[in-house]
**Student:** 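Provided herewith is a single structure, encoded as structure tokens, for subsequent inquiry.
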Amino acid sequence: MAVLTKKKLAVDLRYRILEPVCKTEGAQGATVYGIEVERNCGEYREYAVFEDVSTDMRKVYELISLLSKNVVPPDQLQYIIEDSIGIYI
């Protein structure tokens, strides 16, 4: 998805679902789903990963859809997910 900033530079944001193995004590080895957000802007690249969002893939896809719709950048991913726990997840 390309978004234009105030400087009219094309910014490429990509949202991906991750399938890491759970590292939480007591649930080690369980399948969990996470989210990665990557922003590419010419030579500049920034990304953020939140590995343990939910065990429900459908809910993670819904959250990725909301992140994409609202053009959430990598530096805000952690805050948005933390605020979303209990609402969407």
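Residue numbers run from 1 in the order of the sequence given. Any value given below was found using the heavy atoms of this structure, including those in side chains, with hydrogens, waters and symmetry copies removed.
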**Student:** Run the side chain to side chain contact (heavy atoms under 4.5 Å, CB included) test against Thr55 and tell me which residues pass, sequence neighbours left out.
**Tutor:**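 Result, side chain to side chain contact (heavy atoms under 4.5 Å, CB included) vs Thr55: Val32.
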**Student:** For Leu67 and Tyr15, work out which heavy atoms get closest and say how close.
**Tutor:** O-OH, 3.4 Å
**Student:** Look only at the side chain of Ser84 and the backbone of Ile80, and say whether a donor-acceptor pair between them is shorter than 3.5 Å.
**Tutor:**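 A pair under 3.5 Å: yes.
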**Student:** Side chains of Val72 and Val37: does their closest heavy-atom pair fall under 4.5 Å?
**Tutor:**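 Side-chain contact under 4.5 Å: no.
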**Student:** How far apart are the closest heavy atoms of Ala48 and Pro74, and which atoms are they?
**Tutor:** CB-O, 3.2 Å
**Student:** Measure the CD-CG distance between Glu36 and Leu77 for me, rounded to the nearest 0.5 Å.
**Tutor:** 9.5 Å
**Student:** What pairs of residues pass the salt bridge (Lys or Arg N to Asp or Glu O under 4.0 Å) test when at least one of them lies in residues 40-51, not counting sequence neighbours?
**Tutor:** Lys23-Glu51, Glu38-Arg45, Arg39-Glu46
**Student:** Kindly indicate, with the supporting measurements, whether the criterion side-chain contact (heavy atoms from CB on, under 4.5 Å) is fulfilled by Ile17 and Ile64.
**Tutor:** CA-CA 8 Å; Ile17 191 165; Ile64 285 177; 3.9 Å; yes
**Student:** Go through the structure and list residues passing salt bridge (charged side-chain N to carboxylate O under 4.0 Å, His left out) with Asp75, not counting sequence neighbours.
**Tutor:** none
**Student:** My understanding is that a hydrophobic cluster links ILVMFWY residues whose side chain heavy atoms are under 4.5 Å apart, including indirect links. Using that, what else belongs to the cluster containing Val21?
**Tutor:** none
**Student:** Got a second to check how far Ile35's CD1 is from Arg16's CZ, nearest 0.5 Å?
**Tutor:** 12.5 Å
**Student:** With sequence neighbours left out, what residues match Asp56 under side chain to side chain contact (heavy atoms under 4.5 Å, CB included)?
**Tutor:**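 Applying side chain to side chain contact (heavy atoms under 4.5 Å, CB included) to Asp56 gives Ser54, Arg58, Lys59.
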**Student:** Looking at Asp52, Val60, Val53, which one forms a side-chain contact (heavy atoms from CB on, under 4.5 Å) with Tyr33?
**Tutor:**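 Of the listed options, the one satisfying the test is Val60.
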**Student:** Could you tell me which non-hydrogen atom of Pro20 sits nearest to which non-hydrogen atom of Gly34, and how far apart they are?
**Tutor:** CD-N, 4.1 Å
**Student:** Starting from Leu18 and following side-chain heavy-atom contacts under 4.5 Å between hydrophobic residues (I, L, V, M, F, W, Y), which residues can be reached?
**Tutor:**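 Members besides Leu18, by chain and number: Tyr47, Val49.
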